[in-house]
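All remarks here apply to the structure that follows.
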Amino acid sequence: MPQLFIEMIQRVQSIYLALVFLLSGGLIFFLKIGKTQGNSTTDILSLFHHESFILKSISISFWIVSALALVSIFLYRNRTLQITINRINILINLILLGLLAYYLLNLSGETTVSMKGIGSFLPLLSI
């Protein structure tokens, strides 16, 4: 194995950041956020096609979190910058969690039956 790769994976946070990259960047293709009446499911990528800015910002935030985690992995030599980027990433995840809570609370109404999907818990796992 190359020496650079061995140096990079010696830190535990590199493994955690790789998991965040895979969760936020890869699982958004497969996980669903919610399911409303008529079995219509909502996935994270379909929110990008909505007219609402809040719904578009949910899918964009997942991509930003994934990109920041990938950038932070390769900043292992500059630890202070890596910590700063990780704090920004945590802040974006908290904002994303709030946006998802807002979306999910407005998803179900008095007469509709809805189920919350596991995709809404991705920001908690990333934090």
Side-chain angles (χ1 to χ4, degrees):
M1 282 194 216
Q3 184 68 22
L4 179 72
F5 183 72
I6 293 172
E7 287 178 18
M8 188 170 58
I9 62 169
Q10 284 182 352
R11 293 173 137 184
V12 175
Q13 60 261 39
S14 296
I15 295 171
Y16 291 144
L17 288 169
L19 286 174
V20 169
F21 172 70
L22 291 175
L23 283 174
S24 295
L27 288 182
I28 63 172
F29 292 106
F30 304 110
L31 295 180
K32 306 296 180 199
I33 291 179
K35 184 179 187 181
T36 58
Q37 71 182 20
N39 288 335
S40 65
T41 58
T42 304
D43 59 348
I44 297 167
L45 291 178
S46 69
L47 292 178
F48 188 72
H49 300 293
H50 283 279
E51 296 171 3
S52 173
F53 175 73
I54 293 175
L55 296 181
K56 283 184 180 183
S57 63
I58 290 174
S59 61
I60 291 171
S61 296
F62 273 106
W63 289 106
I64 290 172
V65 165
S66 178
L68 283 177
L70 185 64
V71 166
S72 184
I73 289 173
F74 292 107
L75 291 174
Y76 65 95
R77 291 186 185 196
N78 191 350
R79 190 169 182 196
T80 57
L81 183 59
Q82 187 182 39
I83 289 171
T84 303
I85 289 178
N86 288 336
R87 286 181 181 164
I88 292 170
N89 209 351
I90 289 172
L91 180 65
I92 293 172
N93 271 312
L94 289 173
I95 293 170
L96 180 60
L97 190 61
L99 288 172
L100 282 170
Y102 172 77
Y103 171 72
L104 290 175
L105 287 174
N106 288 332
L107 181 65
S108 62
E110 298 279 332
T111 59
T112 60
V113 178
S114 68
M115 295 173 54
K116 297 349 180 218
I118 192 73
S120 59
F121 295 109
L122 281 179
L124 285 177
L125 294 174
S126 294
I127 291 172

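Being a predicted model, the structure only gives us computed values, none of them experimental.
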Checking Leu22 now: which residues fulfil side chain to side chain contact (heavy atoms under 4.5 Å, CB included) with it, not counting sequence neighbours?
none
Is it true that the side chains of Thr84 and Asn86 contain a donor and an acceptor less than 3.5 Å apart?
no
List the atom of Ser72, the atom of Ile85, and the distance in Å for their closest heavy-atom pair.
CB-CG2, 4.0 Å
Under a 3.5 Å distance rule, please check whether Asn93 uses its side chain to pair with a backbone N or O of Asn89 as donor and acceptor.
yes
Spacing of CD1 belonging to Ile73 relative to CG belonging to Leu68, to within rounding of 0.5 Å
11.5 Å
For Gln82 and Leu75, work out which heavy atoms get closest and say how close.
CB-O, 3.7 Å
Group every Ile, Leu, Val, Met, Phe, Trp and Tyr by side-chain heavy-atom contacts under 4.5 Å, then state whether Leu81 and Ile64 land in the same group.
yes
side-chain contact (heavy atoms from CB on, under 4.5 Å) for Leu100 and Phe62? Distances and angles first, verdict last.
CA-CA 11 Å; Leu100 282 170; Phe62 273 106; 4.1 Å; yes
Steps toward side-chain contact (heavy atoms from CB on, under 4.5 Å) verdict (Asn78, Thr80)
CA-CA 6 Å; Asn78 191 350; Thr80 57; 3.2 Å; yes
Indicate, with yes or no, if Leu91 and Tyr102 share a hydrophobic cluster defined by side-chain heavy-atom contacts under 4.5 Å among Ile, Leu, Val, Met, Phe, Trp and Tyr.
yes
Those residues at least two apart in sequence (or on a different chain) that pass side chain to side chain contact (heavy atoms under 4.5 Å, CB included) with Leu23 are Leu27, Leu122, Leu125
For residues Ala69 and Val20, report the shortest heavy-atom separation together with the two atoms involved.
CB-CG1, 3.8 Å
Identify the residue among Ser24, Ser57, Ser59, Ser61 that makes a side chain to side chain contact (heavy atoms under 4.5 Å, CB included) with Leu96.
Ser61
Common cluster, Tyr76/Ile83, ILVMFWY with side-chain heavy-atom separation under 4.5 Å
no
